[in-house]
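Chain A is the first sequence line, chain B the second, and so forth, proteins listed ahead of strands; every chain is numbered from 1.
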Amino acid sequence: MATIASGELVGLPLRVRRRGPVGKVWRFVRRRPTGALGIVLMALFVTIAVISPMIVPFDANRSVGRPLQSPGTVDPRTGKTFWLGTDAVGQDVLSRVLQGSQISLAVGASVILINVTLGTLLGMVAGYFQGPVDYVIQRSGEVWSAFPELIALLLIVSLLGTPHTTGGNLLSIAFDLRNLIFAFTIGAVFGGSRVVRGVTLALKQNDYVLAARAIGATDTRIILRHLLPNLMPFVIIAATAGLGAVILGEATLSFLGLGVAPGTPSWGQDLSGRNRLFFREAMWVALAPGTAISLTVLGVNLFGDALRDILDPRLRGARGRG
Amino acid sequence: MTSYLVRRLALLIPVLWGAGTLVFVLLRLLPGDAVTTLLADSQNAGDIEQLRRELGLNEPLAVQYVQWLGKAVTFDFGDSLLSRRPVLAELRQALPISAELALIATSITILVAVPGGVLAAARQDSVLDYAARILSALFLATPSFWLGTLALVLPAYYFGWIPPLKYTPLLDDPLTNLEQFLLPGAILGLGSAAVALRMMRSQMLEVLRQDYIRTARAKGLRGAKAIRRHAVPNALIPLVALFGNEFARLLGGTVIIETIFNLPGVGRLTVDAVTKRDYPQVEANVLFFALFFVLINLLIDLLYVFLDPRVRYV
């Protein structure tokens with residue numbers, strides 16, 4: 001849809017193409033096909049996580065049929081189909097995969113939200129004021145990074161107790177899983193604050209900070225009004241990059257039997273325990289949760305990459321990066 | 001340079017002290033202790049008390065801490081509460097396994113990521129570039145435990161092949177040993193290669209736009225040679241840190257892959273020790289991991305003096 005812009009009125013051969021919403025979406029899809037795929041996968045993941053209690057065909061927490069039924073088997077009692085088969089204890093694989101998304105999203109999103117708030121705050125304080133606060137944060141970060149990650153998670157989760165959730169909405173699941181979320185948050189905050197600190201150190205050298213100080217702006221005002229908005233792109237980029245890692249981390253911990261309590265529908269959990277004994281005969285039990293993890297993390301990462309291309313000022317305009 | 005080295009080495013002390021104290025405190029806070037594991041079936045309170053006294057677990061925490069710290073500074077970590085063997089002996093037994101795995105994995109990472117990243121960048125937006133990017137995005141998103149599971153299940157299902165599941169030391173039977181290590185090494189290596197390839201590619205893209213590449217081409221260097229001689233070495237500089245870090249991380253053990261492929265490495269040793277509350281073993285393993293981690297990072301930083309003439313430490 002091309003309209004003639006006012007440029008022509010003053011004799012300039014200026015034609016500006018105005019795009020409608022559909023045109024804009026189409027342009028984005030053409031320019032960043034992987035980013036578009038990421039957004040679709042992300043949207044699918046979030047939607048399924050939110051509505052899964054309503055759409056699961058069977059109760060995901062209970063044995064609803066005979067064990068190890070192959071995909072497409074019809075349950076003789078209820079007449080319903082096990083589209084992805086049943087697992088080692090006769091639970092419906094599809095229901096568990098759908099409901100497992102709730103745990104991934106609840107843990108992932110909570111950790112990232114806390115990390116964005118806390119990590120940004122700590123990083124800005126450390127980078128802006130430097131001095132003793134900075135020293136303590138930096139040294140604690142060093143100790144933490146020299147600590148084997150999985151062992152740290154394992155220690156914290158065993159200390160606080162393996163969390164159990166009976167499902168429900170995302171908020172109540174996140175509350176049930178607070179121990180797990182706390183364990184992941186510690187490591188994430190150290191990493192996140194380090195990124196923010198580095199950027200803050202660079203940003204505060206800018207003339208506009210000096211100008212603000214010259215007209216008498218307080219530290220709080222400089223941090224909130226001048227530094228924070230300029231920091232946001234980096235924070236958003238670091239946060240999406242972290243989301244995939246947390247989802248993988250939760251799956252890994254649950255796979256080891258150290259994340260959510262046994263029996264809870266979680267992708268990592270479904271790839272371990274009794275199910276493992278039957279993977280050779282009943283491959284669908286292994287394929288479904290694993291594919292779910294891969295597609296979700298792939299979606300999150302692609303989405304993050306597209307976001308980085310758009311938000312990172314150094315990459316703005318660079319096409320087909322990363 | 002010397003004063004830099006001294007300062008960096010001095011930094012080891014607070015890091016090791018911090019990591020050691022952290023693990024000491026966290027372990028003691030965990031419910032239960034080694035005695036509960038050892039005498040799980042025994043109902044005799046007298047037995048339990050006696051064993052606790054023998055192992056020094058009934059002292060006040062502060063006393064235990066001071067005793068532990070005093071010994072730890074002389075690298076005496078005591079005996080495992082479970083096997084009663086020195087913890088360092090246990091660690092020495094597990095370390096070669098994790099080291100071999102780390103070496104194979106890191107080699108695979110370098111062999112895949114460097115040429116892959118260079119080709120993808122040199123032929124930007126070609127089919128090859130897209131293939132490399134999509135593959136690395138997929139590998140990045142696939143958890144190693146699922147890949148490990150598939151690597152065991154699929155060949156068994158289609159070809160009836162299962163990798164040897166009893167650990168054979170390299171010197172006893174090199175072929176069986178390699179057959180056993182190659183698959184887990186490849187899974188770990190390809191996982192890291194996904195990250196490294198993306199980084200190599202974006203580094204190359206940045207370097208290829210530099211003036212010195214244009215100069216090299218202007219003076220008549222063929223494309224491939226300009227890339228090999230001038231672009232690749234410069235693009236590789238930041239990746240050295242990545243490879244080094246990855247190696248250090250793998251040396252600390254990879255619980256998942258070691259568990260799936262039944263390799264008794266450091267990762268499994270540590271997790272077993274945590275679940276059985278074998279305090280000295282966990283403490284020693286964590287401290288050695290921290291030591292390796294800091295030293296390897298220092299080594300990388302020193303390497304930069306040679307790799308990048310702009311880097312100077314004073």
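Going from atom CG of B:Leu152 over to atom CZ of A:Phe279 covers 11.0 Å, rounded to the nearest 0.5 Å.
With a threshold of 4.5 angstrom between heavy atoms, A:Leu150 approaches chain B through side-chain atoms but not through N, CA, C or O. For chain B, no part of A:Leu295 is nearby; none of its heavy atoms comes within less than 4.5 Å. When heavy atoms are compared at a cutoff of 4.5 Å, B:Val271 approaches chain A by way of both its backbone and its side chain. Heavy atoms of A:Ser145 lying under 4.5 Å from chain B belong to its backbone as well as its side chain. Both the backbone and the side chain of A:Leu159 come within contact range of chain B, judged by heavy atoms closer than 4.5 Å. Residue B:Ile134: no heavy atom, backbone or side chain, is found under 4.5 Å from chain A. Contacts between A:Ser272 and chain B at a heavy-atom distance below 4.5 Å are absent for every atom of the residue. At a 4.5 Å heavy-atom cutoff, the contact between A:Leu256 and chain B is made by side-chain atoms alone. Looking at A:Phe255, only its side chain comes within 4.5 Å of chain B, counting heavy atoms on both sides. Both the backbone and the side chain of A:Leu298 come within less than 4.5 Å of a heavy atom in chain B.
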**Request:** Please lay out, stage by stage, how A:Glu142 and B:Leu11 fare under the test side-chain contact (heavy atoms from CB on, under 4.5 Å).
**Result:** CA-CA 10 Å; A:Glu142 264 158 34; B:Leu11 205 65; 3.7 Å; yes
Do any side-chain atoms of residues 142-151 of chain B form donor-acceptor pairs under 3.5 angstrom with protein atoms, and if so which ones, sequence neighbours left out?
from     : atom 1 : to       : atom 2 : distance (Å)
B:Thr142 : OG1    : A:Ser294 : OG     : 3.3
B:Thr142 : OG1    : B:Leu138 : O      : 2.7
B:Trp146 : NE1    : A:Ala286 : O      : 2.9
B:Thr149 : OG1    : A:Arg276 : NH1    : 3.1
B:Thr149 : OG1    : A:Arg276 : NH2    : 3.4
B:Thr149 : OG1    : B:Phe145 : O      : 2.5

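Between chain A and the residues B:Leu140, B:Val294, B:Thr254, B:Leu16, the largest count of heavy-atom pairs under 4.5 Å involves B:Leu140. For chain A, the option among B:Val23, B:Thr259, B:Asn285, B:Leu197 with the highest count of heavy-atom pairs below 4.5 Å is B:Val23. Among A:Leu287, A:Ile156, A:Thr34, the residue with the largest count of heavy-atom pairs under 4.5 Å with chain B is A:Leu287.
Applying the side-chain contact (heavy atoms from CB on, under 4.5 Å) criterion to A:Val189, with sequence neighbours excluded, gives A:Asn115, A:Leu118, A:Leu122, A:Thr185. Under the side-chain contact (heavy atoms from CB on, under 4.5 Å) criterion, A:Leu44 pairs with A:Ile48, not counting sequence neighbours.
Within residues 96-104 of chain A, no residue has any heavy atom closer than 4.5 Å to a heavy atom of chain B.
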